[in-house]
Amino acid sequence: MLFNSLRNIGIAAHIDAGKTTVTERILFYTGTTRKMGEVHDGQATMDFMKQEQERGITIASAAITCSWKGSQINLIDTPGHVDFTIEVERSLRVIDGLVAVFCAVSGVEPQSETVWHQADRYKVPRIAFINKMDRTGADFSEAVAMMNRYLDANAVPFQLPIGSEEDFAGIIDVIDQQAFIFDGNEWTLAAIPEDYRENALAARSHLIEKISEFDDTILELFLEDKEVGADLIRRVARQATLKMMLTPVFCGAAYKNKGIPQLLDAVIDYLPSPLDVGAVVGADTDDAEKLHTRCPSAKSPFAALAFKLIHDPFVGQQTFIRIYSGHLSSGMAVMNSTRGKQERIGRILRIHAKDREEISEAGPGEIVALIGMKFTKTGDTLCDPEQPLLLESIQVPLAVVELKITPAKRADQGKLGEALNKLTNEDPSFHVRYNDETEETVIAGMGELHLEIIVDRLLHEHKVEVNVGEPSVAYRETITGEVEAEYRHVKQTGGKGQFAQTLFRIEPNEGHGYEFVDKIKGGAIPLEFIPSVDKGIRKTIADGILTGFPIVDVKIVLLDGKYHPVDSSDLAFQTCASICFRQGFLKAGPILLEPVMKVEINTPDENIGEIVGNLNRRRGRVESMRRFRKGSQKLVAIVPLSEMFGYANQLRNLSSGRASFSMDFYRYMPVSKTLQEEIIKKLKEKKDGQS
């Protein structure tokens with residue numbers, strides 16, 4: 001396979017913009033499927049999970065391989081719902097180009113912006129597809145204007161629609177100045193209708209003017225009012241797109257099979273191959289400042305990134321990897337440099353959504369699944385054992401909603417643990433902890449829907465029925481002051497006793513998590529017991545002190561201590577450090593942090609007052625208001641998550657169903673002293689009621 005004919009692309013958008021329908025049409029037109037699956041009847045090829053089919057939404061990113069005009073396309077369909085943003089994150093980390101889908105009626109919606117900014121962070125070139133041109137209210141020009149207004153996309157139409165809404169009849173190729181007239185699933189090439197010729201010429205002139213900024217030859221031809229050839233326009237537009245200086249815009253109606261073959265041509269013409277992306281950079285495993293490059297060549301040392309794990313009931317765990325350089329074959333030994341473990345490659349699969357094809361080898365640029373990986377997790381680097389490096393990992397969002405679950409049958413406790421372990425391996429944004437006191441398992445995720453899906457999967461995939469509590473906010477604890485804490489732990493039980501003494505400084509460590517620094521001098525605490533001090537503190541941090549929620553952003557500096565040659569042990573120092581930390585924490589100005597969400601609301605003008613008033617009552621702060629489209633506004637507010645439960649129904653009532661919203665995690669912020677006391681009191685009452 002030629003690297004320049006390979007495309008690793010993702011399809012992403014706001015929920016309901018039609019990205020899965022676009023993907024289904026791509027699979028049909030490339031001959032990958034013979035029947036077009038539909039989201040609304042649960043038959044979409046890419047939405048093969050039971051939960052996706054029931055809800056008509058994409059939950060997990062799905063990978064599939066197809067071909068178009070001699071090029072291989074590895075395609076990843078991603079979710080649009082904010083609760084599954086980790087799926088978008090890991091997909092954007094490994095793809096080379098993105099098709100951003102927008103609804104012709106709604107234009108740029110809240111999650112569209114989130115996905116766009118994620119793609120900016122990973123420097124992914126993209127093209128745009130304005131979908132649903134056949135829908136009532138479709139407005140191509142306004143959708144393009146919104147892309148430039150809200151996303152700073154430098155979006156330029158490479159196609160124009162012929163008609164819109166129920167009169168959407170075709171599309172105009174702006175570069176070649178020709179029309180595609182639709183007739184069912186087919187189309188015919190024709191001259192541009194007379195009514196559209198002037199607009200088509202103006203669009204071509206606008207396109208040339210835009211790309212003349214990137215090429216002197218085109219600039220000269222444009223200034224001299226000379227003809228610019230189609231091949232030259234495409235070549236320069238491609239380079240501008242690859243450098244993220246331009247976003248080509250295309251249009252169609254995926255559900256009615258309009259515009260998909262032309263979109264596939266655009267994927268090949270304007271999105272990058274692995275060769276265009278070039279060398280990947282990784283850090284040295286011994287010195288993070290030292291960097292190594294790996295070129296997309298089979299002759300380079302092997303380097304790949306694991307970006308997704310799936311537990312398949314038929315073949316076991318599948319580890320999806322993107323190969324950046326080198327050659328991979330069955331039976332080959334590779335190094336997991338993230339964990340310092342060696343892995344042996346078992347079977348290699350090329351995935352076609354829920355189907356799979358076994359292959360014996362794979363090369364640079366390919367996305368494949370591996371069977372038999374023992375240690376590899378999401379974000380791990382696999383590389384040549386002789387020339388190791390560490391690739392940039394995947395950014396995992398924080399879990400902000402918690403749920404307490406217990407197995408319906410006590411005998412299923414072990415089975416539940418195994419199932420949750422598999423689910424946490426698959427989804428890094430899903431967390432599990434066990435409360436020894438209440439004997440409850442606490443699961444945490446990105447939102448209510450995220451955890452609802454997890455519970456559903458426990459029942460249907462893992463056959464474990466659980467009793468579920470109410471969703472609750474995942475608070476955090478931290479400190480505001482600096483203190484020194486000292487504790488002497490002595491316990492005599494007749495036989496060998498316990499002795500340990502520790503002195504350490506506890507400091508705030510905002511934004512840097514937990515940090516442990518050893519400043520012991522002269523062997524006051526033997527080297528073998530230093531990790532015991534760290535371990536004792538870590539366990540206390542995980543369980544919390546004020547509320548039972550984890551403690552974050554603290555730095556421990558171990559200053560001094562004492563030991564006994566007979567009575568000191570690992571357990572003694574763990575216990576001593578734990579009690580010492582508890583005592584110091586309570587003197588260091590402990591506070592409670594709550595997750596705060598960035599909420600974006602699109603609302604008709606007449607509902608602004610009521611919605612803003614409602615946000616204020618929810619302890620919200622409106623950050624900005626701007627004109628969204630004629631007759632409607634877009635509000636951006638910062639609101640505590642604890643105030644957002646049940647908001648969807650209330651917003652529907654306030655706006656008669658016309659307003660919509662999305663929310664994304666913003667950051668953890670301190671709660672007021674009064675509210676902190678209320679929260680601690682409620683949590684204590686709840687705990688007492690359960691005991």
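Heavy atoms only: backbone and side chains are in, while hydrogens, waters and symmetry mates are out.
Pairing each heavy atom of Lys258 with each of Phe129, the nearest pair is O-CZ, 4.3 Å. Summarising the geometry of Ile171 relative to Cys251, their closest heavy-atom pair is CG2-SG, 3.4 Å, with the distance given to 0.1 Å. Taking each heavy atom of Met133 and Gly163 in turn, the nearest pair found is CE-O, 4.3 Å. Taking both residues in full, the closest heavy atoms of Ser67 and Thr30 are given as O-CB, 3.2 Å, listed atom of the first, atom of the second, then distance. Of all non-hydrogen atoms in Met147 and Ala128, the two that sit nearest each other are CE-CB, 3.5 Å. The two residues Leu389 and Thr381 have their closest heavy-atom pair at O-CG2, 3.4 Å.
Leu219 has its side chain within reach of Leu223: a pair of non-hydrogen atoms, C-beta onward, lies under 4.5 Å apart. In this structure, the side chains of Gln178 and Leu189 come closer than 4.5 Å at one or more pairs of heavy atoms. Annotation: side chain of Phe661 is not in contact with side chain of Leu635 (no heavy-atom distance under 4.5 Å). Side-chain contact between Ile321 and Leu305 is absent, with no heavy atoms from C-beta onward closer than 4.5 Å. Counting heavy atoms from C-beta outward, Arg626 and Ser624 have side chains that stay 4.5 Å or more apart. Inter-residue side-chain proximity for Leu264 and Gln262 is flagged as unmet; no heavy-atom pair is nearer than 4.5 Å. Proximity of Phe302 to Leu328: side-chain heavy atoms (C-beta onward) are separated by under 4.5 Å at one or more points. At a threshold of 4.5 Å between non-hydrogen side-chain atoms, the residues Tyr196 and Leu160 do not count as touching.
Judged as a side-chain hydrogen bond (donor to acceptor under 3.5 Å, both in side chains), and not counting sequence neighbours, Glu220 has no contacts. Remark: Lys123 pairs with no residue by the side-chain hydrogen bond (donor to acceptor under 3.5 Å, both in side chains) rule, at least two apart or across chains. Remark: Glu227 engages Arg204 in a side-chain hydrogen bond (donor to acceptor under 3.5 Å, both in side chains) (not counting sequence neighbours). Residues meeting the side-chain hydrogen bond (donor to acceptor under 3.5 Å, both in side chains) test with Lys243, sequence neighbours left out: none.
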- prompt: Yes or no on side chain to side chain contact (heavy atoms under 4.5 Å, CB included) for Phe214 and Gln239, after CA distance, side-chain angles and deciding distance?
  reply: CA-CA 9 Å; Phe214 315 117; Gln239 291 307 311; over 6 Å; no
message: Go through it in stages, so that I can follow the logic: the residues are Ile345 and Val334, the test is side chain to side chain contact (heavy atoms under 4.5 Å, CB included), and I'd like the CA-CA distance, side-chain angles, deciding distance and then a yes or no.
response: CA-CA 7 Å; Ile345 303 302; Val334 298; 3.9 Å; yes
field: side chain to side chain contact (heavy atoms under 4.5 Å, CB included) between Val267 and Ile127, worked out
entry: CA-CA 8 Å; Val267 165; Ile127 61 176; 4.2 Å; yes
message: Between Val156 and Val249, does the side chain to side chain contact (heavy atoms under 4.5 Å, CB included) criterion hold? Intermediate values first, please.
response: CA-CA 6 Å; Val156 179; Val249 183; 5.8 Å; no
- request: Show your working on salt bridge (charged side-chain N to carboxylate O under 4.0 Å, His left out) between Asp96 and Arg322 and close with a plain yes or no.
  value: CA-CA 11 Å; Asp96 298 328; Arg322 157 70 195 265; 2.9 Å; yes
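Put simply, CG on Asp284 and OG on Ser337 are 10.0 Å apart, with the number rounded to the nearest 0.5 Å. Put simply, CG on Leu390 and NE2 on His292 are 9.5 Å apart, with the number rounded to the nearest 0.5 Å. Note that the OH atom of Tyr324 and the OG atom of Ser300 stand 14.5 Å from one another [nearest 0.5 Å]. Taken from CE in Met146 to CD1 in Ile130, the straight-line distance is 10.0 Å, to the nearest 0.5 Å. Between Ile192 atom CD1 and Ile162 atom CD1 the span is 7.5 Å, to the nearest 0.5 Å. Distance check: Asp427 CG to Lys308 NZ gives 8.0 Å after rounding to the nearest 0.5 Å.
Using bins of under 30°, 30° to 60° and over 60° for the plane-to-plane angle, the ring pair Trp187/Phe180 lands in the perpendicular bin.
Cation-pi geometry between Arg25 and Tyr29 is not met at under 6.0 angstrom from the ring centre and within 45 degrees of the axis.
Counting only distance, with no hydrogens or angles, the side chain of Arg126 and the backbone of Val124 share a donor-acceptor pair below 3.5 Å. At distances below 3.5 Å, not a single donor-acceptor pair connects side-chain atoms of Thr378 with backbone N or O atoms of Pro428. With hydrogens and angles disregarded, a donor-acceptor distance shorter than 3.5 Å links the side chain of Thr241 to the backbone of Ala237. Under the 3.5 Å distance criterion, the side-chain polar atoms of Glu358 are left unmatched by any main-chain donor or acceptor of Ile348. Side chain of Arg294 to main chain of Ala279: no donor-acceptor pair is present (N/O by atom type, distance under 3.5 Å, no hydrogens or angles). Checked by atom type and distance alone, the side chain of Ser212 pairs as donor or acceptor with a backbone atom of Glu209 at under 3.5 Å. With Gln177 contributing its side chain and Val174 its backbone, the two residues share a donor-acceptor pair below 3.5 Å.
Applying the ring-ring contact (aromatic ring centres under 6.0 Å, His included) test to residues at least two apart or on different chains, none of the pairs has a partner in residues 89-121. Applying the salt bridge (charged side-chain N to carboxylate O under 4.0 Å, His left out) definition to pairs two or more places apart or across chains, those involving residues 165-189 are Asp176-Arg234.
Taking a 6.0 Å sphere around CG of Asp287, one finds it holds more than 12 heavy atoms contributed by other residues, nucleotides or ligands. Counting heavy-atom neighbours within 6.0 Å of Asp152 CG, excluding the residue itself, gives a total of 12 or less.
Using a cutoff of 4.0 Å between basic side-chain nitrogens and carboxylate oxygens, Asp276 and Arg7 are not scored as salt-bridged. Between Arg350 and Glu366 a salt bridge is recorded (basic side-chain N to carboxylate O distance below 4.0 Å).
Looking at Asn154 and Thr247, their side chains never bring a donor and an acceptor atom within 3.5 Å of each other. Judged purely by distance below 3.5 Å, without hydrogens or angles, the side chains of Asn74 and Gln72 pair a donor atom with an acceptor atom.
When ring centroids are compared, Phe158 and Tyr270 come within the 6.0 Å threshold.
Screening Thr21, Ile73, Ile64, Ile260 for a side-chain contact (heavy atoms from CB on, under 4.5 Å) with Ile26, the sole residue that qualifies is Ile260.
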